[in-house]
**Student:** 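There's a structure below that I have some questions on.
Values reported hereafter were calculated over all heavy atoms of this structure, with side chains retained and with hydrogens, waters and symmetry mates removed. We're numbering straight along the sequence, starting at 1. Quantities reported herein were computed from a predicted structural model and do not represent experimental measurements.
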Amino acid sequence: MFFWKKKKEEITFEEFSYTKFAVWLNEILKNPLPVNVKGINFNLYEEEKENTFGVQFVATSSFDSNDDDWACDEVFSSNENMYYFTNENGWEQTLKEVEKNVKTYLEKEEYSSVLKKYEGIGLGFVDGDLIIVYKKDK
C-alpha cells in the first residue's frame, strides 16, 4: 500500500477540517485492510508544537469494549500518514471534536460501511482511556 506523506517538518498545521479529515480517511480505506481485523482505533497524539495534534488510523486483531488493551493488537497502521491539525481549546475539547467528526463520518461517508463491518471503533489519546464510538450489534 502506498500513502502520500509529507516529511514532518513540511507539515502545515491548520484548524480541524472535516472535509480534509474525510479525504485523509477515504484515502486509507480505499485499500483493503488485513482479513483478521476486528477493531478500528483512532490514536490521538499531542504534537511538539503547542495546540497541535495528530490522528492515526489503526486496525486491530481484537476488540473488547471492556478492556482498552485491544487497541494495542495492531495489524495495520497509517503510521506517519496522520491527519494533523490545530486546536486551541485544549486536549479534552479536541477529543470531543474528533469524536464528533468520526461519528459524522460513520453516518454519511462512502467508506463508513467498511468501518461498520468490524466489531467496534474507538478513539483516544495514546496514553489515555478509549472512547467507543461504534459497537456492532451481535
**Student:** Is there a continuous path of hydrophobic side-chain contacts, each under 4.5 Å between heavy atoms, that joins Ile28 to Phe42?
**Tutor:** yes

**Student:** Using the six-membered ring wherever Trp is involved, compare the ring planes of Trp24 and Tyr83 and label them parallel, tilted or perpendicular (cut-offs 30° and 60°).
**Tutor:** tilted

**Student:** First locate atom CG of Asn101, then atom OH of Tyr18, and finally report the distance between them rounded to the nearest 0.5 Å.
**Tutor:** 7.0 Å

**Student:** Scan side-chain atoms only and decide if Ser62 and Lys38 contain a donor-acceptor pair under the 3.5 Å cut-off.
**Tutor:** no

**Student:** Between Thr86 and Asn51, do the side chains contain an N or O donor and an N or O acceptor separated by less than 3.5 Å?
**Tutor:** no

**Student:** Linking I/L/V/M/F/W/Y whenever any side-chain heavy atoms sit under 4.5 Å apart, do Trp91 and Val133 land together?
**Tutor:** yes

**Student:** From Ser61 OG over to Asp73 CG, what is the distance, rounded to the nearest 0.5 angstrom?
**Tutor:** 4.5 Å

**Student:** Are the ring centres of Tyr118 and Phe63 closer than 6.0 Å?
**Tutor:** no

**Student:** Short question: side chain of Asp68, backbone of Leu130 - any donor-acceptor pair under 3.5 Å?
**Tutor:** yes

**Student:** I'd like to check Asn43 versus Phe57 (side-chain heavy atoms, cut-off strictly below 4.5 Å). Are they in contact?
**Tutor:** no

**Student:** Using salt bridge (charged side-chain N to carboxylate O under 4.0 Å, His left out), reason through Lys30 and Glu110 one step at a time and then give a plain yes or no.
**Tutor:** CA-CA 10 Å; Lys30 73 180 184 182; Glu110 176 184 0; over 6 Å; no

**Student:** Strictly by modelled atom types, are Ser112 and Glu107 linked by a side-chain donor-acceptor pair under 3.5 Å?
**Tutor:** no

**Student:** Which distance, rounded to the nearest 0.5 Å, do you find between the NZ of Lys103 and the CD1 of Ile131?
**Tutor:** 8.0 Å

**Student:** Assert yes or no for the condition that the ring centre distance of Phe21 to Phe85 is strictly below 6.0 Å.
**Tutor:** no

**Student:** Of all heavy-atom pairs between Lys135 and Ile132, which one has the smallest distance, and what is that distance?
**Tutor:** CB-CG2, 4.3 Å

**Student:** Once you round to the nearest 0.5 Å, how far does CG of Leu33 lie from OG1 of Thr60?
**Tutor:** 10.5 Å

**Student:** Grouping I, L, V, M, F, W and Y whenever their side-chain heavy atoms are under 4.5 Å apart, do Ile40 and Val102 come out in a common cluster?
**Tutor:** yes

**Student:** Compute whether any side-chain donor of one residue and acceptor of the other, for Tyr84 and Glu47, lie under 3.5 angstrom apart.
**Tutor:** no

**Student:** For the NZ atom on Lys20, are there more than 12 heavy atoms of other groups (residues, nucleotides or ligands in this structure) within a distance under 6.0 Å?
**Tutor:** no

**Student:** Please check if any side-chain donor atom of Tyr105 sits under 3.5 Å from a side-chain acceptor atom of Asn26, or the reverse.
**Tutor:** yes

**Student:** The test is side chain to side chain contact (heavy atoms under 4.5 Å, CB included); show your working for Phe76 and Val58 and say whether it passes.
**Tutor:** CA-CA 6 Å; Phe76 173 84; Val58 174; over 6 Å; no

**Student:** Roughly how far, to the nearest 0.5 Å, is the CD atom of Glu74 from the CG atom of Asn79?
**Tutor:** 7.0 Å

**Student:** Return yes when atom CG of Asp129 has more than 12 non-hydrogen atoms of other residues, nucleotides or ligands closer than 6.0 Å, and no otherwise.
**Tutor:** no

**Student:** Checking Leu95 against Phe125 for the side chain to side chain contact (heavy atoms under 4.5 Å, CB included) test, could you report, in this order, the C-alpha distance in whole Å, the side-chain angles of both residues, the deciding distance, and whether it holds?
**Tutor:** CA-CA 8 Å; Leu95 181 61; Phe125 282 95; 4.0 Å; yes

**Student:** Stepwise, does the side chain to side chain contact (heavy atoms under 4.5 Å, CB included) test hold for Leu115 with Leu106?
**Tutor:** CA-CA 8 Å; Leu115 294 176; Leu106 290 171; 3.8 Å; yes

**Student:** Walk me through whether Asp64 and Asp69 qualify under side chain to side chain contact (heavy atoms under 4.5 Å, CB included).
**Tutor:** CA-CA 8 Å; Asp64 184 343; Asp69 286 345; over 6 Å; no

**Student:** Determine yes or no for a side-chain-to-main-chain donor-acceptor pair under 3.5 angstrom, with Asn41 supplying the side chain and Leu123 the backbone.
**Tutor:** yes

**Student:** Between Lys96 and Glu92, does at least one N-O distance fall below 4.0 Å, as a salt bridge requires?
**Tutor:** no

**Student:** Scan side-chain atoms only and decide if Asn87 and Glu97 contain a donor-acceptor pair under the 3.5 Å cut-off.
**Tutor:** yes

**Student:** Using only atom types and a distance under 3.5 Å, with no angle test, would you say the side chain of Tyr134 pairs donor to acceptor with the backbone of Lys116?
**Tutor:** yes

**Student:** Applying side-chain hydrogen bond (donor to acceptor under 3.5 Å, both in side chains), run through Glu27 and Tyr111 and close with a yes or a no.
**Tutor:** CA-CA 10 Å; Glu27 192 66 26; Tyr111 292 104; over 6 Å; no

**Student:** Look at the side chain of Gln56 and the backbone N and O of Ser78, then say whether any donor-acceptor pair between them is shorter than 3.5 Å.
**Tutor:** no

